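Just so it is clear: chains get the letters A, B, ... in the order the sequence lines come, proteins before strands, and each one is counted from 1. Not measured: the values here are computed from a predicted model.
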Number of protein chains: 2
Amino acid sequence: MTTAIQPRTLKTRARLIEAATAIVEDSSFTELRVEEVVRRAGVAKGTFFAHFKDKDALLDRMIGEIIDQHLDQIGAGAAPTSVDQIMVALTPLMTFIGSEREVFGVILRYSGATTVEEIGPIAATFERFVLVLSDWFIDGPFRQDADPATLAEGVQAFMFQALALNFCAINNQRSVHDRLRPYLELWLHPAKALDPQG
Amino acid sequence: MTTAIQPRTLKTRARLIEAATAIVEDSSFTELRVEEVVRRAGVAKGTFFAHFKDKDALLDRMIGEIIDQHLDQIGAGAAPTSVDQIMVALTPLMTFIGSEREVFGVILRYSGATTVEEIGPIAATFERFVLVLSDWFIDGPFRQDADPATLAEGVQAFMFQALALNFCAINNQRSVHDRLRPYLELWLHPAKALDPQG
DNA sequence: ATTCATTATTGACCGCGGTCAATTTTGTGT
DNA sequence: ACACAAAATTGACCGCGGTCAATAATGAAT
């Protein structure tokens, strides 16, 4: 039998990712073209698709890696003790997700996986997001009547709601921050909301 | 000056929409092709793009109309007095949105408008969604410490969260319903959640 | 009826993602 | 060294959304 995976393969894949990264640095995710990637990498078009199922799979990997780096930062800091601190902690990630329509689009498409075996990088980061945030809600100064993971999922939902509305010209006068804060206040401090003194 | 809009125009547009509707009935939104639409309508490809900015604009219109019909139903019924009743009321709309990945995708893309003048049908329905649901939260048996519109936006966010997770193979064992209920319970009945007897 | 500016339609063409049969490269057994 | 099968690469090709200069149809003014 022959070697299952050749060194050549890894080298080519690295070249493709390198080329793609350079393109994003030069312009943006939106303007990334497969034909430009293979041109810079010096390989044929077909080679690209031998390495990535489709263009989105490459973006999935690149964007997933960036999100993971943000989660490293989020997880490394001390657990927030207020909604404001939560928003400060989440800001860099939200800024990235909201930086380009294309990025937001890919994340929305890839937040779900088609089959269990094919859980992509982005989908994985969203599981991780819930794990990281759940820690904040165990014994934190936030509501204790709910499953921490459910609270984390709620924060995720509100984050996307705020970002989606921000991409919408009708109501993008308010910043993502101003939009997210009341959601989180009501979600995480229902008692305080019921009674401002409490 | 000449007539601003010719009868011919309306007729052609109607033929295009008719053809597209027939295709969706025959197959699905996913399999709708512009070339098939113009073939059935008996016009050239360029004509399509003289009537619709792009393919998404047609889908925006078709899907927006369907969502509007669901909102008619939702608005016509009596205001729900429990989370379960809310879910019953929202079920037909959620079933439609979750019926096809393509439908969900178009809605996510078009829930926001690029410019204020270009608020599309789907974006309009989401403003209407908030209006309709806000009515339920004024003087209803739900939390009274929050702006009704904010509560409605929260329901919207959770609806999308539940739908998005449902498209995800990792965790689609739970139904959309089972996923949505705890969110809404915690969102709309924080006091009850704090004290099960209350 | 004829002119003429405006509007609608046409279809060849392009961009770009994605496919696949043919070809080349690679590592292993002899 | 050589043969050979598996793996990697190639590039012509396709599908389909979208463009645009050229052409045709329309209706108002005369």
Taking the six-membered ring for Trp, are B/Phe160 and B/Phe126 parallel (under 30°), tilted (30 to 60°) or perpendicular (over 60°)? tilted
Any donor and acceptor pair, going by atom type alone, linking the side chain of B/Gln161 with main-chain N or O of B/Ala157 inside 3.5 Å? no
Any donor-acceptor N/O pair, A/Arg143 side chain to B/Leu186 backbone, under 3.5 Å: yes
C/dT9 phosphate, OP1 or OP2: any side-chain N/O from B/His51 under 4.0 angstrom? yes
Taking A/Phe29's backbone N and O only, do any of them form a donor-acceptor pair with A/Glu31's side chain (distance below 3.5 Å, no angle check)? no
Are B/Ile97 and B/Ile107 packed together at the side-chain level, in the sense that at least one heavy-atom pair is separated by less than 4.5 angstrom? yes
Looking only at side-chain N and O atoms, does A/His177 offer a donor or acceptor that is under 3.5 Å from a partner on A/Thr91? yes
Expected list for residues 8-16 of chain B near DNA chain D, using heavy atoms below 4.0 Å, is B/Arg8
Under 4.5 Å between any side-chain heavy atoms of A/Thr125 and A/Pro121, yes or no? no
Tell me whether B/Arg128 at atom CZ has more than 12 heavy atoms from other residues, nucleotides or ligands lying less than 6.0 Å away. yes
For nucleotides 14-21 of chain C, read 5' to 3', which letter fits each nucleotide if B means a protein heavy atom sits under 4.0 Å from the base, S means only the sugar-phosphate is that close, and - means neither? --SBBBB-
